[in-house]
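A short worksheet on the structure shown next.
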Amino acid sequence: MAAPLGTGGLTEETGQEKQDTQEKEKTLPPERAEEAKLKAKYPNLGQKPGGSDFLMKRLQKGQKYFDSGDYNMAKAKMKNKQLPSAGSDKNLVTGDHIPTPQDLPQRKSSLVTSKLAG
Amino acid sequence: LAGAGGGNDIQWCFSQVKGAVDDDVAEADIISTVEFNHSGELLATGDKGGRVVIFQQEQENKTQSHSRGEYNVYSTFQSHEPEFDYLKSLEIEEKINKIRWLPQKNAAQFLLSTNDKTIKLWKISERDKRPEGYNLKEEDGRYRDPTTVTTLRVPVFRPMDLMVEASPRRIFANAHTYHINSISINSDYETYLSADDLRINLWHLEITDRSFNIVDIKPANMEELTEVITAAEFHPNSCSTFVYSSSKGTIRLCDMRASALCDRHSKLFEEPEDPSNRSFFSEIISSISDVKFSHSGRYMMTRDYLSVKIWDLNMENRPVETYQVHEYLRSKLCSLYENDCIFDKFECCWNGLDRQVGFCSIFHFSIVMTGSYNNFFRMFDRNTKRDITLEASRENNKPRTVLKPRKVCASGKRKKDEISVDSLDFNKKILHTAWHPKENIIAVATTNNLYIFQDKMN
């Protein structure tokens with residue numbers, strides 16, 4: 001039995017809305033205006049929005065690691081030079097940066113009871 | 001008696017608030033999930049510190065007919081600990097992503113809780129008696145000198161103060177390479193699914209050392225990756241049916257009877273996009289952050305960044321209803337992208353079981369709820385098409401005082417009592433809300449506080 005079509009709730013196209021859209025064509029719709037703002041600030045922003053870059057970042061969420069092998073090899077290579085430090089944003093690990101013990105946040109023990117239970 | 005639409009409009013009143021008052025929020029206290037059990041008697045929360053707190057509703061006091069029972073702490077335990085994957089040098093967060101209750105089968109309660117990698121089945125049981133009168137042990141546990149024992153007695157159970165114990169009964173580990181975003185218990189009450197960004201696995205509640213992979217969208221070449229799984233849920237009645245949503249705004253319905261690996265969907269729900277409206281933000285804001293079946297299983301609800309959509313399972317090409325949660329944010333997308341708020345994952349929920357209202361008419365009201373910023377949350381009445389914005393704030397603290405609706409002024413002259421978009425606090429997000437399965441009681445989580453609201457009983 002075919003289901004009755006929904007009434008479409010608040011997204012029904014009405015004559016009024018079509019007219020509004022036509023009026024908006026003269027000025028940019030809000031989303032496109034925001035996009036223009038963003039591109040003005042960051043002209044090098046990736047050509048493919050919402051594509052691989054975002055998803056790869058999402059898949060690597062929380063990856064903040066210390067690998068003693070990498071660390072020691074990098075130290076040996078650098079010798080007198082200093083390892084590139086994390087800079088102000090310690091949550092971001094990019095490029096050649098190798099996390100050092102100083103970069104990693106101190107893990108706080110979670111043995112304290114939740115304040116919701118207080 | 002019922003009005004013409006949706007029963008009487010519900011009048012929400014503040015009931016309780018749990019959590020610290022101070023504004024300085026410790027990371028561990030950030031609430032990450034809220035869930036009522038099947039009877040509504042228990043309410044569980046999970047937090048970023050890996051802890052679970054369970055509240056229990058007081059038995060209704062017959063003399064206090066003006067309010068339903070309050071929720072008090074019943075049990076609290078550390079569900080997950082932070083871990084380090086040495087092989088990959090990866091830190092595994094202890095944050096509880098989801099809690100799902102099993103229906104109650106015996107005196108104990110069971111729930112599944114999961115972090116990014118490991119799902120655990122917890123048993124919560126009560127102990128209100130203890131054995132006393134052992135022959136070889138003193139009451140404090142010290143062993144008696146056997147040579148001093150001259151008579152034998154039979155130990156008996158004596159009442160003790162109620163103790164609620166939580167113990168992990170099953171640990172379902174090592175089945176997810178990526179981060180688990182959903183768990184859903186099947187209507188057969190024997191199996192459940194867990195979903196990460198690229199795969200969905202099917203487990204049996206009794207078996208921890210293996211699971212079946214039922215969906216795998218990982219491309220052979222990771223550079224071809226275009227979408228990830230964002231949420232998944234089993235159908236409430238059909239044990240072979242489940243849905244999963246994606247970062248591109250699509251929902252796929254799969255039938256496990258069709259094949260062992262459900263890579264080919266049975267239905268694909270997608271609203272066609274107007275290409276002229278496409279922008280850099282389109283895909284990001286179309287990403288579905290939550291999907292929930294209605295109790296009947298006829299409909300499902302999805303939440304994307306700006307809206308809530310109701311889909312009829314019989315119609316794939318567009319939703320039957322769309323509700324704008326905070327459309328005024330569309331002209332703020334640039335700054336919301338810069339402060340990462342555009343990636344916030346809001347959940348949504350249906351009201352509890354439909355109520356029968358009135359003598360002559362069986363009326364079912366249907367309301368959906370979701371959170372927003374500035375500690376606002378929104379409700380949409382599907383029958384009357386009315387919506388309301390309420391605020392979870394300690395300022396509305398008087399029990400049985402009806403909450404005042406809020407209004408955001410998008411542009412132009414701000415009326416008295418309205419708040420302008422630029423004044424909204426984007427750090428005060430309500431991502432998690434829950435509706436009692438049988439009564440008009442809702443639980444709303446702000447960053448680190450849990451609010452409970454009830455409808456005003458006449």
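Per chain, numbering begins at 1; letters A, B, ... match sequence-line order.
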- Winner by heavy-atom pair count (cut-off under 4.5 Å) against chain A, out of B:Glu227, B:Glu27, B:Lys332: B:Lys332
- Task: Could you tell me which portion of A:Ala33 (side chain, backbone, both or neither) has an atom closer than 4.5 angstrom to a non-hydrogen atom of chain B?
- Result: neither
- Check whether B:Leu313 gets within reach of chain A through its side chain, its backbone, both or neither, counting any heavy atom under 4.5 Å. neither
- Item | For B:Ser276 against A:Arg32, the heavy-atom pair lying closest together | O-NH1, 2.5 Å
- Task: Quick one: pull up SG in B:Cys334 and NZ in A:Lys39 and give me the separation to the nearest 0.5 Å.
- Result: 11.5 Å
- Task: To the nearest 0.5 Å, tell me how far A:Ser114 OG sits from B:Gln78 CD.
- Result: 10.0 Å
- Query: With a 4.5 angstrom heavy-atom cut-off, which part of B:Phe343 approaches chain A: side chain, backbone, both or neither?
  - Reply: side chain
- Of the backbone (N, CA, C, O) and the side chain (C-beta and beyond), which part of B:Thr45 lies under 4.5 Å from a heavy atom of chain A, both, or neither? side chain
- Note on the structure: Rounded to the nearest 0.5 angstrom, the CG-CD1 distance for A:Leu116 and B:Ile31 is 4.5 Å
- Message: So, using salt bridge (Lys or Arg N to Asp or Glu O under 4.0 Å) as the criterion, who are the partners of B:Glu327 when residues are at least two apart?
- Response: B:Arg330
- Query: Top residue by heavy-atom pair count (under 4.5 Å) with chain A, among B:Glu338, B:Arg382, B:Lys18?
  - Reply: B:Glu338
- Tell me, for B:Asp85 versus chain A, whether the close heavy atoms (under 4.5 Å) come from the side chain, the backbone, both or neither. neither
- Item | Residue part contacting chain A, namely of B:Phe55, when any heavy atom lies under 4.5 Å | side chain
- Pairwise distance CG(B:Asp196) to CG(A:Leu59) - rounded to 0.5 angstrom: 9.0 Å
- Message: Can you tell me which portion of B:Ile285 sits under 4.5 Å from chain A's heavy atoms? Options are side chain, backbone, both or neither.
- Response: side chain
- Query: Any idea which heavy atoms bring A:Lys115 and B:Ala20 closest together, and the distance?
  - Reply: CD-CB, 3.5 Å
- Task: With the side chain counted from C-beta on, respond yes when A:Glu31 and B:Leu333 share a heavy-atom pair under 4.5 Å apart, and no when they do not.
- Result: yes
- Can a donor-acceptor pair be found between the side chains of B:Ser279 and A:Glu35 at a distance below 3.5 Å? no
- Inspect the surroundings of CG in B:Asn221 and state if more than 12 heavy atoms from other residues, nucleotides or ligands are less than 6.0 Å away. yes
